[in-house]
Student: 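Pasting a structure here, questions to come.
Sequential numbering from 1 along the given sequence is applied to the chain's residues. If you're wondering where the values come from, they're calculated on a predicted model, not measured in any experiment.
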Amino acid sequence: MSAVLIIDDDEPLLRALRLNFAARGYRVHTAGTGAAGLAAAADHPPDLVIVDLGLPDLDGLDVVAGIRGYSDVPIIVLSARHTGATKVAALDAGADDYVTKPFGMDELLARMRAALRRAAPAPAAPVLRTPAFRLDLSAKQATGPDGAVIRLTPTEWHLVEVLARHEGKLVEHKRLLREVWGPRYETETNYLRVHFANLRRKLEPDPSRPRYFVTEPGIGYRLQLPGDMK
């Protein structure tokens, strides 16, 4: 039974979706604000998220980006905004699909089934902790052991996010380059060397002997956290 998190402040719509989804065997959780939705997604990772863009506290695009920062969970945007630019922005932020209001329930359910079929396995934790640093992937904030903020560039965050989704596992050069820079850059391994050198300088206790951002020469990189070091 798949768990669905709906983030929307439209109470009548939430009730209708809850009834329809529950009747089809889904476990349904709801949140009426972006902050509550981010907290629910982190505390009780769902199998699929539905997000409205017009939330009372946060832009729905920021909610999508926050969840996508640490999780591969399928995200469907459900919004009354019809413009092509908005749809592109939502997909670029990390949404898997975009459904405009008003919508047909059968179509939405079909899109949910398709998204769940494509879903990655289990999501990673939103906060990663080591003795050397703390990474809040949802808030995109890195801090040192003294609590001081460590500034990471958007590209460095993107690399961290990809590795975090595969914590403890090798991620090949091509996959990293494709996910961060796009398919045209799959041979540009020098990009990885430069950015991982910067990440290690900022986060590793001894950048010359990395403990957490580990290189597999000629193959790729892995994020190795204390629980993996056995």
Side-chain angles (χ1 to χ4, degrees), residues 3-9 29-77 79 86 89-96 119-120 122-168 171 176 179-180 195-196 198-205 211-213 221-228:
V4 179
L5 171 63
I6 310 169
I7 307 173
D8 198 310
D9 64 335
H29 304 278
T30 61
T33 66
L38 287 170
D43 294 341
H44 305 286
D47 299 302
L48 182 140
V49 179
I50 295 175
V51 182
D52 180 30
L53 296 185
L55 297 169
D57 57 338
L58 299 174
D59 191 302
L61 295 177
D62 294 330
V63 176
V64 171
I67 295 172
R68 184 58 72 231
Y70 66 89
S71 174
D72 276 330
V73 65
I75 300 174
I76 297 177
V77 167
S79 176
T86 302
L91 295 171
D92 281 344
D96 297 278
V127 179
L128 308 179
R129 295 178 177 86
T130 76
F133 57 81
R134 177 183 182 273
L135 298 173
D136 186 329
L137 299 170
S138 179
K140 288 185 169 54
Q141 184 177 66
T143 52
D146 59 354
V149 174
I150 301 169
R151 303 292 179 187
L152 301 185
T153 68
T155 299
E156 289 163 359
W157 270 116
H158 203 163
L159 288 168
V160 168
E161 289 165 0
V162 175
L163 291 182
R165 292 199 293 268
H166 305 278
E167 180 198 328
V171 182
L176 279 167
E179 292 202 28
V180 177
H195 286 284
F196 275 105
N198 290 333
L199 272 173
R200 288 166 174 158
R201 177 176 54 80
K202 295 176 181 181
L203 298 176
E204 292 277 2
R211 298 182 59 197
Y212 306 110
F213 295 93
Y221 296 83
R222 76 174 76 238
L223 176 61
Q224 186 165 284
L225 299 181
D228 307 318

Student: Which residues satisfy the side chain to side chain donor-acceptor pair (under 3.5 Å) test with Thr86, sequence neighbours excluded?
Tutor: Thr83
Student: What pairs with Arg68 under salt bridge (charged side-chain N to carboxylate O under 4.0 Å, His left out), at least two apart in sequence or on another chain?
Tutor: Asp96
Student: Which one of Leu223, Leu199, Leu128 satisfies the side chain to side chain contact (heavy atoms under 4.5 Å, CB included) criterion with Leu163?
Tutor: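 Of the listed residues Leu223, Leu199, Leu128, the side chain to side chain contact (heavy atoms under 4.5 Å, CB included) partner of Leu163 is Leu223.
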Student: With rounding to the nearest 0.5 Å, note down the distance linking OG1 in Thr155 to CG in Leu152.
Tutor: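 Between atom OG1 of Thr155 and atom CG of Leu152 there are 11.0 Å.
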Student: Using the test side chain to side chain donor-acceptor pair (under 3.5 Å), find all partners of Thr30 that sit at least two apart in sequence or belong to another chain.
Tutor: Arg18
Student: Within this structure, what is the CG-CG distance for the pair Asp43 and Leu38, rounded to the nearest 0.5 Å?
Tutor: 10.5 Å
Student: Does Glu156 have any salt bridge (charged side-chain N to carboxylate O under 4.0 Å, His left out) partners at least two apart in sequence or in another chain, and if so, which?
Tutor: Lys202
Student: Keeping the roles fixed (side chain from Asp47, backbone from Ala3), state whether a donor-acceptor pair exists under 3.5 Å.
Tutor: yes
Student: Who passes side-chain contact (heavy atoms from CB on, under 4.5 Å) against Ala42, sequence neighbours left out?
Tutor: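 Per chain and number, Ala42 pairs via side-chain contact (heavy atoms from CB on, under 4.5 Å) with Tyr70, Pro126.
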Student: Could you pull out the closest heavy-atom pair between Ala90 and Val64, with the gap in Å?
Tutor: O-CG1, 4.3 Å
Student: Restricting to non-hydrogen atoms, name the atom on Pro226 and the atom on Arg129 that form the minimum distance, rounded to 0.1 Å.
Tutor: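 Reported closest heavy-atom pair: CD-O, 3.9 Å.
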Student: To the nearest 0.5 Å, what is the distance between CD (Glu167) and CD (Gln224)?
Tutor: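 The CD atom of Gln224 is 9.5 Å from CD of Glu167, to the nearest 0.5 Å.
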Student: Among all residues two or more places apart in sequence or in another chain, which pass the side-chain contact (heavy atoms from CB on, under 4.5 Å) test with Leu48?
Tutor: Val4, Ile50, Pro74, Ile76, Met112, Ala115, Leu116
Student: Just how far is it from atom CZ of Arg201 to atom CD1 of Ile150, taken to the nearest 0.5 Å?
Tutor: 11.0 Å
Student: Can you run down the salt bridge (charged side-chain N to carboxylate O under 4.0 Å, His left out) pairs that involve residues 130-154, sequence neighbours left out, and say none if there aren't any?
Tutor: Lys140-Glu161
Student: Under the rule for ring pair (Phe, Tyr, Trp, His ring centres under 6.0 Å), what residues qualify as partners of His195, not counting sequence neighbours?
Tutor: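 In terms of ring pair (Phe, Tyr, Trp, His ring centres under 6.0 Å), with neighbours along the sequence ignored, His195 is linked to Trp181.
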Student: Which pair of non-hydrogen atoms, one from Pro145 and one from Pro131, has the smallest distance, and what is that distance?
Tutor: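 Scanning both residues completely, I find the closest heavy atoms to be CB-O, 3.6 Å.
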Student: How long is the straight-line distance from CG of Leu53 back to CG of Asp62, given to the nearest 0.5 Å?
Tutor: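 Rounded to the nearest 0.5 Å, the CG-CG separation comes out at 10.5 Å.
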Student: Listed by chain and number, what are the side chain to side chain donor-acceptor pair (under 3.5 Å) partners of Asp8, not counting sequence neighbours?
Tutor: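 Asp8 satisfies side chain to side chain donor-acceptor pair (under 3.5 Å) with Lys101 only.
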Student: Do you know the tightest heavy-atom contact between Trp157 and Gln141?
Tutor: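 Closest approach of Trp157 to Gln141, heavy atoms only: CZ2-N, 3.2 Å.
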Student: If the condition is side-chain contact (heavy atoms from CB on, under 4.5 Å), which residues does Asp57 pass it with, not counting sequence neighbours?
Tutor: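 With neighbours one apart ignored, the set is Thr33, Ala35, Leu55.
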Student: Enter the distance from Thr143:OG1 to Leu203:CG here, rounded to the nearest 0.5 Å.
Tutor: 10.0 Å
Student: According to side-chain contact (heavy atoms from CB on, under 4.5 Å), who are the partners of Pro205, at least two apart in sequence or on a separate chain?
Tutor: Ala132, Tyr212
